[in-house]
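Atoms within a ligand are numbered from 1 in the order they appear, just like the ligands themselves.
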Amino acid sequence: MLGNITYESLSKRLAELEKLPAKKADKSIPELLEKKGVSRRDFMKWAGTVAAMLALPGSMTPLVAKAAELSDRLPVIWLHMAECTGCSEALLRSDSPTIDSLIFDHISLEYHETLMTAAGWQAEENLEHAIEDFKGRYILMVEGGIPSGDSSHFLTIGGHGTTGEESAKKASDHAAAIFAIGSCSSYGGIQAANPNPTNSVSLDKVTDKDVINVPGCPPSEKNIVGTLIYYILYGNLPALDAYNRPKWAYGIRVHDLCERRGRFDAGEFVEEFGDEGAKKGYCLYKVGCKGPYTFNNCSKNKFNNGASWPVQAGHGCIGCSEPDFWDTMGPYEEPKGNRLYDTPFGLGADATADKIGLGVLAATGVGIAVHAAISNVKKPKEGEEA
Ligand code: FSX
Ligand code: SF4
Ligand code: F3S
């Protein structure tokens, strides 16, 4: 039991959902998986990972699998504003679809400009019909920043010259749940970067309704699908942080679970790209990694079915899930120094990097290994005694 949420209460919600008409009756999840060569076992493994990600006990795994199977019961409208379509691309991965992308394929996508065949007047009509037919029942996902106010005409869509602002507002008015997919929709993104020539804003600036932000440029497919599965399971909003991001996904810093964290703590840093430290997988802080200031689960869940993530690929995190990261996290290949990241002793990350170990050891009262910590910082040169 989780608070007043029980296996039974979630099963009951799913049983209600199951009674709704299946939009993809011809193509159930088991069939879809089989066609793509994904075994039931792999699917259940995926469901177990999503359950863990949502902080559900392992016993809830069958419910997560069921929620995925029922993802065609809730209509979804996906709107594009000003962006690069990277968020959709994160899910589509048509070259090597992941289970997350198969779920995306399975949802009842009533409107998505990149995927639908309709264009022009017909596309506009499709959107109107989708909003009308599923009023109060659809999930709205919006990708992209929204040119607003006097500058809203920078984004007009279709023959009627509807602005993105009008269209996002109207679709929000009638949605059951609203997800801002990506940092553009969550905070304005690159369009809103200084000097913000199109007066682009985040989705929550054009609607009074609650918006769940799923930032990242792009966000991981796991965070998008996990947010959807959460909503299918619970029918309400997850616990959110100060920036309206689901805590289950954005509750930890990239730095906290980074595979190079041991290097940071040991004072082993890449000084410049391509050096010996880079080859040995040292910490990327001094070449600009913003993992210490960034809340996201990339270091835990990685991307592309757990294949890799920015730091593993050899570049620091650029803080892409933080508000206004285009303006606040640069320069991307230089450390931020003491501007934001602070230690309990007020040393700042750079100071920590140089005096590594001392503060931590003093704080915990551990009297050993001070010498080791210092000599770790002052690495002996080749052929020199430590
Ligand atoms: Fe692009 Fe999405 Fe970045 Fe923005 O992702 S990956 S510019 S968050 O809206 O398409
Ligand atoms: Fe990892 Fe970056 Fe933190 Fe280094 S600074 S441990 S590379 S997140
Ligand atoms: Fe973005 Fe940093 Fe993750 S750049 S993808 S938040 S590692």
Which pairs of nitrogen or oxygen atoms, taken one from ligand 1 and one from the protein, are under 3.5 angstrom apart?
from     : atom 1 : to     : atom 2 : distance (Å)
ligand 1 : 5 (O)  : Cys87  : N      : 3.4
ligand 1 : 10 (O) : Cys84  : N      : 3.3
ligand 1 : 10 (O) : Thr85  : N      : 2.9
ligand 1 : 10 (O) : Gly86  : N      : 2.8
ligand 1 : 10 (O) : Cys87  : N      : 3.4
ligand 1 : 10 (O) : Glu143 : OE2    : 3.1

>> If you count every heavy atom of other residues, nucleotides or ligands that lies below 6.0 Å from Tyr243 atom OH, does the total exceed 12?
In response: no
> Can you tell me if CG on Asn236 sees more than 12 non-hydrogen neighbours from other groups inside 6.0 Å?
Replying inline: yes
>> Using the rule given for salt bridge (Lys or Arg N to Asp or Glu O under 4.0 Å), can you reason through Lys279 versus Asp275, listing the C-alpha separation, both sets of side-chain angles and the distance that settles it, and then say yes or no?
In response: CA-CA 7 Å; Lys279 287 180 200 149; Asp275 69 6; over 6 Å; no
>> Does Phe273 form a ring pair (Phe, Tyr, Trp, His ring centres under 6.0 Å) with His315? I'd like the steps, not just the answer.
In response: CA-CA 9 Å; Phe273 289 109; His315 194 282; 5.5 Å; yes
>> Within the 4.0 Å heavy-atom shell around Trp309, which atoms of ligand 3 are there?
In response: 7 (S)
>> Out of all atoms in ligand 3, which are within 4.0 Å of some heavy atom of Phe303? Include the element for each.
In response: 5 (S)
>> I need the full list of ring pair (Phe, Tyr, Trp, His ring centres under 6.0 Å) pairs touching residues 144-177, with sequence neighbours left out, sorted by first then second residue.
In response: Trp121-His160
> Can we say Glu322 and Arg245 salt-bridge, meaning some charged N sits less than 4.0 Å from an Asp/Glu carboxylate O?
Replying inline: yes
> Below 4.0 angstrom, N of the basic side chain to O of the carboxylate: do Glu271 and Lys280 qualify?
Replying inline: no
> With a 6.0 Å cut-off on ring centres, are Trp78 and Phe104 close enough?
Replying inline: yes
> Is the Phe325 to Tyr187 ring centre distance short of 6.0 Å?
Replying inline: no
> Any luck finding a side-chain donor-acceptor pair between Thr85 and Glu83 under 3.5 Å?
Replying inline: yes
> Do Trp326 and Gln191 have a side chain donor and acceptor closer than 3.5 Å?
Replying inline: no
> Checking Lys336 against Tyr293: charged group under 6.0 Å from the ring centre and within 45 degrees of the axis?
Replying inline: yes
>> For the CD1 atom of Ile190 and the SG atom of Cys84, what is their distance to the nearest 0.5 Å?
In response: 8.5 Å
> Could you give the distance from CG (Asp204) to NZ (Lys209), rounded to the nearest 0.5 Å?
Replying inline: 14.0 Å
> Under 2.8 Å from atom 4 (Fe) of ligand 2, protein N/O/S atom count?
Replying inline: 1
>> Less than 2.8 Å away from atom 1 (Fe) of ligand 3, how many protein N/O/S atoms can be counted, ignoring water?
In response: 1
